[in-house]
Undergrad: 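Can you read through this structure? Questions will come right after.
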Protein chains: 2
Amino acid sequence: MSDMTSTADAPRSPGRPRSVRADEAIIEATLDLLAEGSTIEALSIEAIAARAGVGKATIYRRWAGKDALLLDALRRLKGVMAQPAGHSVRDDLVLLVGAIGKNVDPRAAKIMPCLAPAVNRSADQFQLYQNIISPRRQLMREVLRRGIDEGVLRADIDVEVTMALLTGPMLIQRVLQWNPDLDEQTLPERVVDAVLEGIQVR
Amino acid sequence: MSDMTSTADAPRSPGRPRSVRADEAIIEATLDLLAEGSTIEALSIEAIAARAGVGKATIYRRWAGKDALLLDALRRLKGVMAQPAGHSVRDDLVLLVGAIGKNVDPRAAKIMPCLAPAVNRSADQFQLYQNIISPRRQLMREVLRRGIDEGVLRADIDVEVTMALLTGPMLIQRVLQWNPDLDEQTLPERVVDAVLEGIQVR
DNA sequence: GCGTTACGAGTCTGACCCGTATCGTATTGC
DNA sequence: GCAATACGATACGGGTCAGACTCGTAACGC
């Protein structure tokens with residue numbers, strides 16, 4: 001909670017304490033509205049307040065503005081990372097690729113595409129985005145390195161390019177619905193196998 | 001020009017004809033404003049009119065609203081498709097992959113990410129997007145089929161998945177700047193070679 | 001020249017929103 | 001009980017914008 005008054009280490013301030021229910025309601029309302037199709041900039045504090053059953057002042061008491069609120073709301077969304085089992089490199093990759101764009105919160109899928117423009121226009125939001133995905137990239141990087149060490153993968157591959165190779169197809173499909181005819185269910189497996197084997201005759 | 005009064009087949013209406021200069025100026029102003037960082041919904045008819053040096057009425061006389069205008073403006077943007085030479089399958093693929101997200105109009109690169117949210121929220125915009133990319137997909141499909149026929153590519157590959165494999169990495173890099181460390185210049189070549197050869201030890 | 005239509009520029013009404021302030025009320029520590 | 005702070009609700013001034021409208025002017029066919 002970057003912009004919220006910290007409640008943990010405070011020496012206990014006088015007066016009525018902030019309502020935790022309001023905190024929750026505001027964040028939830030924000031995410032709900034986004035998931036219902038509102039774009040980031042169409043989202044208004046007034047709409048959030050109304051949806052949360054909260055006065056506008058209650059929001060402004062906690063956050064400096066829409067950006068700060070959004071930052072906190074999106075942080076709630078990222079969910080847990082998939083944890084590869086570590087037995088088979090192929091299976092681990094299928095798991096990681098399948099986890100791309102899949103979060104615990106079903107609203108995430110609707111919200112993600114909205115972030116694409118923001119990411120390229122604000123350095124802050126770009127950093128936030130990188131912070132979320134870089135640990136996931138690291139996870140995949142480790143699996144690939146392990147594959148090289150175990151002799152399953154060639155030692156001369158470019159790990160970074162390979163990650164883009166595995167991630168890209170899944171991301172454009174989940175975020176952009178790039179090709180409506182592609183079956184999203186079996187895609188992770190087919191992507192991993194194709195990258196592993198190559199498409200060239202040999 | 002879906003929403004504009006057609007000027008070609010009309011039997012010549014009386015009065016002063018529509019100014020072609022105004023047509024151009026409005027479209028150009030729209031694209032310029034988008035390329036300068038305005039998001040789709042932040043874009044206002046008033047701003048477009050001011051930028052184009054045109055009265056608001058002149059815009060409303062031609063288009064029903066912002067959506068119709070945007071549709072026409074974006075159509076102007078798609079530019080020319082890359083034309084594979086047809087000698088080497090690998091070189092053709094490198095050319096096609098390198099052309100992803102690269103249009104003749106330099107403004108296109110700035111505008112593209114903005115479309116990601118719109119694509120998933122409106123069936124119309126989704127259709128527009130598909131109309132733009134499907135001929136390009138077809139081009140790549142033909143190159144892959146040719147590769148299979150010539151015996152350069154394996155006959156058992158899934159062509160659709162392979163296209164996603166080639167397109168995805170380039171697209172997430174150009175649109176999302178997915179991995180800032182990846183060199184966009186050499187990426188097409190490296191992606192194509194990796195997909196061709198596979199990463200597995202054999 | 002005359003009717004017709006388009007032009008740029010501007011006005012006007014009605015939305016919607018931001019961020020602040022102010023109600024009366026509720027909840028805390030002292 | 002009392003000061004302090006919170007709450008939801010609402011009002012406020014200031015801003016932007018959509019669309020419809022009005023000017024005086026310009027370009028066309030007849």
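In what follows, every chain begins at residue 1, and chains take the letters A, B, ... in the order their sequences are listed.
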Undergrad: In terms of side-chain heavy atoms of A/Arg16, which of C/dG8, D/dA18, D/dC7 is nearest?
TA: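 Minimum distance to the A/Arg16 side chain belongs to D/dC7.
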Undergrad: Whole Å only: how far is the CG atom of A/Asp23 from the P atom of D/dG8?
TA: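 Atom-to-atom, A/Asp23 to D/dG8, this comes out as 10 Å.
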Undergrad: Would you call B/Arg62-B/Asp23 a salt bridge at under 4.0 Å N-O?
TA: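 Answer for the salt bridge query: yes.
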Undergrad: When you measure from the side-chain N and O atoms of A/Ser19 to the phosphate of D/dA6, is any distance below 4.0 Å, counting only OP1 and OP2?
TA: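 For D/dA6, OP1/OP2 do not have a side-chain N/O of A/Ser19 under 4.0 Å.
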Undergrad: State whether A/Glu28 and A/Arg107 are salt-bridged, where the test is any N-O pair (Lys NZ or Arg NE/NH1/NH2 against Asp/Glu carboxylate O) under 4.0 Å.
TA: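 Looking at A/Glu28 and A/Arg107, the cut-off is met.
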Undergrad: Under 4.0 Å between a Lys/Arg side-chain N and an Asp/Glu carboxylate O for A/Lys102 and A/Glu184?
TA: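 So A/Lys102 does not pair with A/Glu184 through a salt bridge.
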Undergrad: Tell me the interatomic distance from B/Glu46, atom CD, to D/dA20, atom P, rounded to whole angstroms.
TA: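 Rounded to the whole Å, the gap is 14 Å.
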Undergrad: Of A/Ala57 and A/Leu43, whose closest DNA chain C nucleotide lies nearer the 5' terminus?
TA: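 Upstream on the strand: A/Leu43.
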Undergrad: Could you tell me how far apart A/Arg21 (CZ) and D/dG8 (C1') are, to the nearest whole angstrom?
TA: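 Whole-Å distance recorded here is 13 Å.
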Undergrad: Rounded to whole angstrom units, what separation is found between the NZ atom of B/Lys66 and the P atom of D/dC17?
TA: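 About 9 Å, once rounded to whole Å.
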Undergrad: Which whole-number value in Å describes the distance from A/Ile48 CD1 to C/dC18 C1'?
TA: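 So the CD1-C1' distance, A/Ile48 to C/dC18, works out to 12 Å.
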Undergrad: Output the single nucleotide from D/dC17, D/dA11, C/dG8 whose closest atom is nearest the side chain of A/Lys56.
TA: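 The answer is D/dA11, which lies nearest to the side chain.
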Undergrad: In terms of side-chain geometry, is the basic nitrogen of A/Asp72 or A/Arg75 positioned less than 4.0 Å from the acidic oxygen of its partner?
TA: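 Here A/Asp72 pairs with A/Arg75 in a salt bridge, since their nearest N and O are under 4.0 Å apart.
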Undergrad: Does C/dC7 have OP1 or OP2 sitting under 4.0 Å from an N or O in the side chain of B/Arg62?
TA: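 For C/dC7, OP1 or OP2 has a side-chain N or O of B/Arg62 closer than 4.0 Å.
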Undergrad: Mind calculating the distance between CD1 (B/Ile26) and C1' (C/dC7) to the nearest angstrom?
TA: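 Rounding to the nearest Å, CD1 of B/Ile26 and C1' of C/dC7 are 11 Å apart.
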Undergrad: Which nucleotide in the list C/dG19, C/dT4, C/dC7 gets nearest to the side chain of B/Arg18?
TA: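 The answer is C/dC7.
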Undergrad: Please determine if a side-chain N or O atom of A/Thr58 lies less than 4.0 Å away from the OP1 or OP2 oxygen of D/dG8.
TA: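 It does, given that an N or O in the side chain of A/Thr58 lies less than 4.0 Å from OP1 or OP2 of D/dG8.
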Undergrad: Is the closest basic N to carboxylate O distance between A/Glu24 and A/Arg76 below 4.0 Å?
TA: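 Between A/Arg76 and A/Glu24 there is a salt bridge, with a charged N closer than 4.0 Å to a carboxylate O.
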Undergrad: Round to a whole Å and report the spacing from OH of A/Tyr60 to P of D/dG8.
TA: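 Distance check: A/Tyr60 OH to D/dG8 P gives 15 Å.
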Undergrad: What is the distance from CZ of B/Arg61 to P of D/dT22, rounded to the nearest Å?
TA: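 So the CZ-P distance, B/Arg61 to D/dT22, works out to 13 Å.
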Undergrad: At under 4.0 Å between heavy atoms, what does B/Ala49 touch on the DNA or RNA strands: base, sugar-phosphate, or nothing?
TA: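 It contacts nothing in the nucleic acid.
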Undergrad: Would you indicate what B/Gly53 reaches in the nucleic acid, counting non-hydrogen atoms under 4.0 angstrom: base, sugar-phosphate, or nothing?
TA: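 Sugar-phosphate contact only.
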Undergrad: Which listed nucleotide (C/dA21, C/dC18, D/dA27) is nearest to the side chain of A/Ile45?
TA: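 Selected nucleotide (nearest to the side chain): C/dC18.
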Undergrad: Side chain of B/Pro17, heavy atoms from C-beta onward: which of D/dC28, D/dC7, C/dT28 has the nearest atom to it?
TA: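 Among the listed nucleotides, the one closest to the side chain of B/Pro17 is D/dC28.
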